[in-house]
Structures are given as structure tokens and as C-alpha cells.
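To keep things clear, I will list the structure first and then write my remarks on it.
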Amino acid sequence: VDLLSIAALGLLAGSAQAASVRLDRQPALLTELSLPSGERNGPADRALATGPWRVVATVGGVRTWETALPARTRTLFFHRPPGDVDLVRAVGPKADRWARTRPLSHRQGIESADRADTWEFSSQSLRVRRKIADGPPGVDEYAMGSTVALGREAALNLGSAGLSDSDARRLALRSVQVDDTTRHGLYLPAPARAVFEVRLPEGAVLQADATLLPPEALSATSSDGAWLQVDIEDGVTTTLGRWALNPRQKEALRLDLTPWAGKTVRLQLTTEAGQDGAHDYVFLAEPRLVTPEQKPPRLVVIFLDTVRVDHLPMYGYERNTTPTLQTWSQGAAVFTEARSVAPWTLPSTRTMLTGAQPERWSTAPRLQNLLAQKGWATAFLSGNVYLSSNFEMSQGWGTHRSLNWPRAQIQVDRAMSWLRSHADEPAFLMLHFMDAHLPYHEPIRYRSIFAGKRPEYFDSDGFLRSDITSAGKRLGDAGKQYVRDRYDGNLRYIDDQLSRLLSSLDDDAIVAIVADHGEEFWDHDGFEHGHTLYDELLRVPVIIRAPGLAPGRYDGAVSLLDLAPTLLKALDIDSTDADGLPLQGLTDGSDPRFQGRKIGFGRPLYGEAQWGVAAGGEKYITSEGIERVFDLSTDPGELDKLPDPDLNAWRFRLGDGVGRPAGQGFRLTASKASGSQPTVAQVTVPSGVLAAFAADDPLETGPVDIEVDDTVVTITWRTRSGSTPREVFVMPKFSLDQATPDVDLQLQDGALWAEGQPVRTMSSRPGARPTNLLSARADGRTVTLGVGVAPIPDASQASTSGYDAEVSGDLEALGYIER
Ligand SMILES: [Zn+2]
């Protein structure tokens with residue numbers, strides 16, 4: 001290396017901060033914006049299947065016809081349409097076909113090929129079945145209803161007259177999804193114009209992918225193409241290029257701006273309609289000024305879904321499931337006491353990306369946004385429906401790609417290809433692996449590395465949670481071990497694939513390996529995840545290689561909250577808004593906040609509310625009014641609760657751990673609702689009410705209305721028939737002991753109220769305190785008032801919803817929800 005090239009590298013390093021500017025992340029640089037005014041495509045209540053149609057099967061006098069899917073749903077599985085989707089056929093007289101319509105019934109699969117007037121769909125196509133005698137479908141004979149897709153289509157049609165400046169910016173600087181990929185960029189439906197005023201760095205190249213977005217819902221009209229023009233002004237105007245854009249075609253713009261280096265210029269992007277402006281949805285994905293760098297920084301987060309620490313050799317597993325990671329981690333900081341904030345994917349991932357408690361997701365700054373604002377390319381390659389756009393997980397990324405259950409090989413291929421295509425700019429990649437999550441579908445040769453012959457009660461190697469449940473007692477120790485062995489085989493498969501990625505990265509790349517939660521293998525007589533707060537679900541690997549983090553093993557208390565602050569600190573970016581701590585302060589011993597630290601968690605996906613906190617080698621868990629404390633040093637399996645813990649102190653620690661006050665209050669439960677009538681109860685606390693709130697409802701069992709009028713709380717459960725109503729907590733203003741003698745419960749019984757009667761329901765555990773105090777019955781329903789512990793939600797914070805109508809069928813197919 002000669003002196004000259006060292007000097008050149010120094011210059012590049014010095015200019016690193018200003019090297020790349022992502023125009024879509026810098027609203028301050030967008031000095032002019034004009035968007036088309038007025039509605040153009042007209043409102044539609046259905047998406048028309050406009051054809052062309054082709055025959056795909058003829059069975060028993062019935063033909064199956066296929067055409068492009070008219071409404072872009074985000075569904076992954078197609079065994080039934082989402083609740084808002086249907087298909088109708090126009091059957092009115094010739095002059096007014098749509099005067100009468102007939103709904104078709106959805107029937108999937110080849111066995112329905114002889115059923116006329118049925119339909120099915122896939123991610124790309126719509127199929128209808130007709131009698132041969134009916135001939136081919138007419139133009140506009142079928143239409144698909146999809147409230148969600150039509151809403152997205154409406155959102156692309158700005159009708160911008162009267163848009164405020166900030167609304168217009170929000171509409172233009174946004175994410176859009178096409179197929180499985182969401183990208184952030186500049187939306188300029190023709191005719192539109194955007195001007196960025198910017199000082200051009202040396203060697204800057206303007207890059208963007210220009211496309212004409214496909215409509216979210218088809219109508220009788222379609223785009224006839226549009227134009228994009230880019231001009232640069234610095235006193236004189238120079239046209240850099242003009243492109244004809246056609247649907248589903250991508251123009252990769254790379255415009256050399258070297259002649260204007262060092263100057264402040266106006267970059268003008270103009271779109272024009274073809275013959276008309278219908279559906280001229282011009283989108284520039286990731287418009288950016290890149291000054292190519294020799295060795296730009298790299299940040300890679302390897303996100304292993306469902307990986308429990310005690311199946312990794314770095315955490316003491318006797319089996320070498322991950323030889324690559326074990327060797328690699330010798331040069332990394334390994335955090336041995338890290339816990340997640342929840343036992344399932346969505347809240348955990350939201351915390352990973354923000355360093356904030358999951359409830360702060362909507363307002364907390366996110367890693368991907370912070371880095372994009374600094375000019376970084378960002379990508380999240382994910383493989384879990386909970387990491388899709390339906391759960392807001394595509395927001396803020398330059399590129400977000402959500403596949404359905406991709407194998408590790410596909411993920412690593414895509415990761416390496418993305419990193420190569422961003423070789424000359426700073427790049428942050430989050431790479432997700434679904435392989436350790438049921439159903440296992442590792443390549444054949446990995447199925448027998450640790451596992452023997454498949455038990456006869458599993459029909460296939462890709463057994464589901466429901467197959468394990470229905471195996472019941474037949475499962476036995478051997479069956480359970482078979483499941484564990486297959487899990488381990490998947491870990492080895494991930495590890496083999498990761499070796500390609502890790503060896504392709506330079507030594508100075510920042511790399512973190514984490515999991516969102518673990519997996520239960522009957523440690524507490526249960527299976528899978530989402531249902532408890534025991535350590536087989538909460539303890540997660542956190543292994544980081546970064547400058548400022550000395551390699552070694554650290555047993556200080558760590559939370560997934562700490563991931564984002566640590567990565568930001570390694571990049572010298574402020575993270576004072578986070579709830580977590582930079583782990584540099586633990587590894588170098590400089591941060592006293594790690595002493596006596598409380599790590600909070602909760603938010604199960606299934607069942608009643610559960611909350612807990614780990615502190616000082618002990619762990620507290622509360623649910624259904626029961627509180628338990630385990631000594632993890634003598635009882636790491638959390639099997640024997642301590643006989644006489646100081647529960648008051650633990651309730652304070654819980655508040656510390658979850659970042660909001662927690663305490664004892666009244667806990668109300670209602671019996672399962674049958675029928676559509678809401679259940680209405682009133683609780684009176686004469687000494688005063690501090691707060692009243694319903695527990696989280698991740699699977700959306702239905703709303704609960706709570707009204708507090710001084711000392712009276714009125715609760716209205718509008719729970720879906722057949723679901724268990726959510727718990728409601730009423731926290732007294734003063735101590736629970738003081739409030740208990742005077743508390744009153746009433747349950748609405750038609751025009752009357754049924755009075756709550758004292759109950760003495762003892763916990764099934766000997767020596768436990770009574771948790772239920774009053775119970776009221778009316779009209780076949782029961783409401784019970786007892787005692788429980790919960791953190792008090794901040795009114796400004798959202799709860800996590802793990803339910804989305806559009807993908808409810810997917811959640812069901814994947815075993816997350818049961819019908
Ligand atoms: Zn997960």
C-alpha cells in the first residue's frame with residue numbers, strides 16, 4: 001500500500017457521513033412538490049376481472065378459466081379468501097349486466113374442477129369454473145370485492161386538491177409493496193413534479209429504480225404508459241434524461257453528476273401522463289445520491305427465529321449444532337443472560353428495531369429509519385407472516401422482502417446478492433431465518449443428522465403443531481426427542497448456510513446474532529412458543545461483533561431492548577430515546593445501570609395476560625392473579641417457586657422492568673360469551689379509582705369499552721361469540737387492602753343488575769392466597785372480581801395486535817390462530 005492510496009482512503013473515510021444522501025428520507029431537501037389534483041380513476045366498490053382469459057382445465061362439462069388476479073391481496077395461503085374478499089358474476093339483462101349479481105362459492109383444488117359457478121385464487125391469478133355451454137367469460141363479467149385492496153387503490157389516487165403541504169409530502173415520500181417486496185421511495189403519479197435542492201458531493205451518482213406501479217385493484221381502464229424526466233439546474237437547466245415507463249418494467253437510473261460536484265443544484269423530477277393519467281402510478285424506489293466508497297460500513301443482523309439458547313454450543317449445549325457460529329463467536333461478545341421482551345415474534349422484533357418497549361412501536365425511532373436518514377441502504381429479508389407489511393414490519397426499510405417460509409439457503413443467497421449490489425455504499429441488512437420454526441422443512445440430508453426414524457403418527461416430515469397435539473400420549477419420550485432432534489438438524493442447516501455469508505463479510509463488519517424467542521419442548525408440559533414466560537422461551541442468544549465490544553462472555557443482565565442502542569453506539573449514532581442500554585457499557589464496565597438491573601417481559605400471544613421480571617438471579621412471573629418467584633441459581637428450570645418471597649418488592653421491580661408503574665388491583669374476568677349481546681358489569685370502588693384498562697388482545701377477540709366515572713367503572717365486553725373475554729384491571733387509587741372491604745360488583749341482567757356475591761375460590765396451590773372475591777351471575781353469564789397484578793398502560797401507547805383480517809387465513813394455516 002503506497003502513501004498515495006492511504007491518503008485517498010483517508011479522504012473517503014472523512015467524507016463518509018456525506019457520501020450518500022437518500023432523497024426520499026430528506027423532506028427538508030424537497031423544496032417543491034406538486035401532485036396531480038382531482039380524482040381520476042373514480043371510486044370502485046369492486047375490482048373487475050378484465051381478462052384475457054385462458055382455459056386451464058375441462059372436467060365433466062365444466063371449464064376452468066384463468067386470468068390475472070384483479071385485486072392485489074397480501075394473502076399467502078389460499079384455502080379460503082380473507083373475510084373481506086368475494087367474487088360475483090354479473091347476471092342482469094344484456095343492457096344492464098350489473099343490475100343483478102350472483103356470488104360464487106370459493107372451492108379450492110382440482111377436486112372441484114367439475115363444479116360450475118365456483119372460484120379460487122392464488123397470489124397471481126383468478127380462476128372461475130363455467131359450464132362449457134356458457135362459453136368464455138365476457139369482458140367485465142366477474143368482479144372481485146376486497147375492501148382492503150380497494151382501499152389501497154384509493155390511497156394511490158391522491159385527489160390532491162386541497163392537500164396540505166405535509167400531507168402531500170407524506171403521500172409522496174412513502175413505501176409501496178409489489179408482490180412480496182416493499183420499497184421506500186418517491187411516489188409521483190403523473191403529472192407531478194418534485195424538486196430537491198442539494199449540494200452535490202464529489203463523484204455523486206443519482207440512482208433510483210423507476211417503475212409504473214401495478215394497480216392494487218383493476219378497473220376497466222389501465223395505464224397507457226407515462227414519462228419521467230430528470231433535469232438539473234444550476235443557473236442553466238440541463239436535461240439528464242427522459243424515460244418512457246410501462247407497467248411492470250423497471251428503469252434502473254444511474255446518472256453521473258460529477259460535472260456539478262461541489263455545487264448546490266436543483267434536481268427536478270417530472271412525470272407526465274401518456275394519453276391520459278389513469279393509473280399512471282410512477283414510483284422511484286430509493287432515489288439517492290451515492291458517492292461510491294471503496295470500503296463502506298456494513299451492519300448485518302442475523303435474526304434466528306425460535307432459537308433457544310440451550311440448543312447452541314456457545315451456551316453449553318453438548319451437541320455441536322452450530323460449529324460455524326461457535327468458531328465465529330470466539331471473536332464476538334457473547335451475552336449469556338439475555339432475555340426477550342415477549343415469547344413471540346411481533347413484539348420482540350419491534351423491540352429489536354427500536355430499543356423501546358413494544359408498546360412504543362408507533363412513536364419510537366427505528367434503526368432502519370435512523371440509518372436511512374444517514375444515507376445507508378437498508379434491507380430486511382424476512383420469512384414470517386408476523387414480519388410482513390400486514391403488521392407494519394415493512395415500514396421504513398429501503399427494501400423489505402417477505403417470503404413465506406423461505407429456507408436458509410434462499411435467505412443467504414438473497415442476502416449476499418443484496419450486499420453485492422450495495423457494495424459501494426453503507427448497508428444495513430436484517431436477515432431472518434425461519435428454519436427452526438415449525439413446520440420443519442430442512443433439506444433431506446439434514447433430517448437424519450440427529451434424528452432417527454420418523455414416528456408413524458406423523459404423516460410427513462413437515463408436521464405441524466396440530467399434528468403434535470393430536471399425537472397426544474402416543475408421542476412419548478421418543479417422539480419428543482425426535483422433534484428436538486429435527487430442531488437441532490435445522491440449526492445445523494442454518495449454520496452451514498451462514499458460513500457462506502459470514503466468510504464473505506470483512507472483519508470490520510458489525511454483525512449481531514439474535515433470536516426473537518426460544519421454543520418449549522415440554523419443559524413445562526407445553527410445546528412451541530407464545531404461551532408462557534419461562535426461560536426456554538425468553539432467553540435468547542445475543543452475540544455481537546463490533547468495534548468497542550471486546551470479545552468475551554458477559555453474564556450481566558441483558559434485554560433485546562439493548563440491541564438497537566448497542567448497534568447505534570457502535571456507529572456513533574445517538575440512541576437516548578431508547579429504553580435499552582448500549583452493551584458497550586456492560587463489556588467495558590463503565591455503565592453502573594447494569595448493576596442490579598431489572599429485565600421485564602410479558603405479552604404472551606395466547607391466553608390471559610402474563611408479566612414478569614428477572615433481577616438478582618431470581619425471576620417473578622404473574623398471571624391470573626397468581627404470583628410466583630423462582631431462584632434461577634438453584635432452580636434454572638423454574639419448577640419450584642420460592643415459599644415466601646417479598647411480593648411487594650417484586651411488583652415494584654416489575655414496574656421498573658417494563659418501564660411503567662405496576663401494582664395490585666382488582667382483576668375482572670367474564671365467562672365465554674354466547675350470542676351477540678355484550679356483557680356489561682359495574683365495579684364501584686368507594687375509595688377511588690386510579691386506572692381501569694383491558695389486557696392486551698393480540699388475537700382480537702373483540703373490543704372492551706371501559707368508562708370511569710369517579711368511583712364507578714362500567715365495563716362492556718363485546719367479545720366474539722365463543723371467545724374468552726379479555727381480563728379487565730381496575731386499579732384502586734389507594735392500597736388494595738384499603739379498597740377491598742368496600743368494593744362492589746354488579747352484572748347487567750336485562751333492565752336490572754345482579755349483585756356480586758362473595759366467593760372463596762382458593763388457588764389450587766396449597767397455601768396460596770384467595771384470588772377471587774366476588775362473583776355475579778345473570779342470563780347464563782358470570783363475571784368474577786378477584787385480585788391481580790399488572791403494569792398500568794400509558795394512554796398514548798398501543799397494544800400489539802397479532803391479528804389481521806387480510807391474512808387471518810395465513811395465521812390459521814401457520815397454526816398461530818385456531819378457528
Ligand atoms: Zn418468532
Side-chain angles (χ1 to χ4, degrees), residues 76 301-312 338-354 358 361 380-394 400-408 411 430-442 464-465 468 483 486-487 490-491 493-494 498 512-521 523 526-543 559-561 563-564 601-607 610 696 698-699 800-804 807 810-817:
L76 303 169
V301 174
I302 294 168
F303 172 174
L304 309 173
D305 208 298
T306 320
V307 169
R308 59 184 278 171
V309 287
D310 60 2
H311 278 239
L312 298 172
R339 285 186 175 81
S340 183
V341 293
W344 62 291
T345 308
L346 187 56
S348 302
T349 309
R350 288 181 168 179
T351 282
M352 282 187 214
L353 291 172
T354 55
W361 167 249
F380 185 5
L381 305 178
S382 80
N384 184 327
V385 64
Y386 280 129
L387 303 177
S388 71
S389 59
N390 290 77
F391 296 96
E392 302 178 7
M393 299 312 289
S394 62
H400 172 277
R401 211 169 157 210
S402 182
L403 295 186
N404 188 19
W405 238 261
R407 271 188 183 168
Q411 292 299 78
M430 184 135 168
L431 179 62
H432 172 250
F433 291 90
M434 197 61 172
D435 305 79
H437 193 299
L438 278 179
Y440 305 136
H441 64 162
E442 70 279 28
L464 299 164
R465 185 167 78 137
I468 292 174
V483 177
R486 287 287 304 283
Y487 177 83
N490 275 282
L491 295 181
Y493 170 52
I494 297 172
L498 272 178
I513 294 171
V514 292
D516 51 350
H517 52 79
E519 185 80 326
E520 176 171 4
F521 292 121
D523 307 69
F527 178 65
E528 230 214 1
H529 55 267
H531 55 288
T532 78
L533 299 181
Y534 294 118
D535 273 355
E536 58 269 19
L537 297 189
L538 284 184
R539 282 187 63 201
V540 288
V542 172
I543 307 173
S559 164
L560 273 190
L561 288 166
L563 180 68
F601 32 79
R603 321 163 177 96
L605 175 58
Y606 310 113
Q610 297 182 48
D696 252 12
L699 295 175
T800 306
S801 173
Y803 178 89
D804 180 288
V807 292
D810 302 348
L811 294 167
E812 189 189 308
L814 297 170
Y816 288 116
I817 60 176

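Both counts, for ligands and for their atoms, begin at 1 and track the order of listing.
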- Message: Under 6.0 Å between ring centres: does that hold for H400 and F380?
- Response: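 Under 6.0 Å, so yes.
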- Give the atom name of whichever N/O/S atom in H517 sits closest to the Zn ion (ligand 1).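 Sorting the N, O and S atoms of H517 by distance to the Zn ion (ligand 1) puts NE2 first.
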- Message: Suppose you place the vertex at the Zn ion (ligand 1); what is the angle out to D305 OD1 and D516 OD2, to 10°?
- Response: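 The two atoms subtend 100° at the Zn ion (ligand 1).
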- Cationic N near anionic O, under 4.0 Å, E442 to R486: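 Here E442 pairs with R486 in a salt bridge, since their nearest N and O are under 4.0 Å apart.
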- Message: For T345 versus H517, what's the shortest heavy-atom pair and its separation?
- Response: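 Of all heavy-atom pairs spanning T345 and H517, the closest is OG1-NE2, 3.5 Å.
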- Message: Under the criterion ring pair (Phe, Tyr, Trp, His ring centres under 6.0 Å), I'd like the reasoning laid out for Y487 against F521: C-alpha separation, chi angles, the key distance, then a yes or no.
- Response: CA-CA 10 Å; Y487 177 83; F521 292 121; 4.9 Å; yes
- Query: Do any of the N, O or S atoms of T345 sit under 2.8 Å from the Zn ion (ligand 1)?
  - Reply: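 An N, O or S atom of T345 is closer than 2.8 Å to the Zn ion (ligand 1), so yes.
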- For the Zn ion (ligand 1), does an N/O/S atom of H437 lie at less than 2.8 Å?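 For H437, the answer is no, given that no N, O or S atom comes within less than 2.8 Å of the Zn ion (ligand 1).
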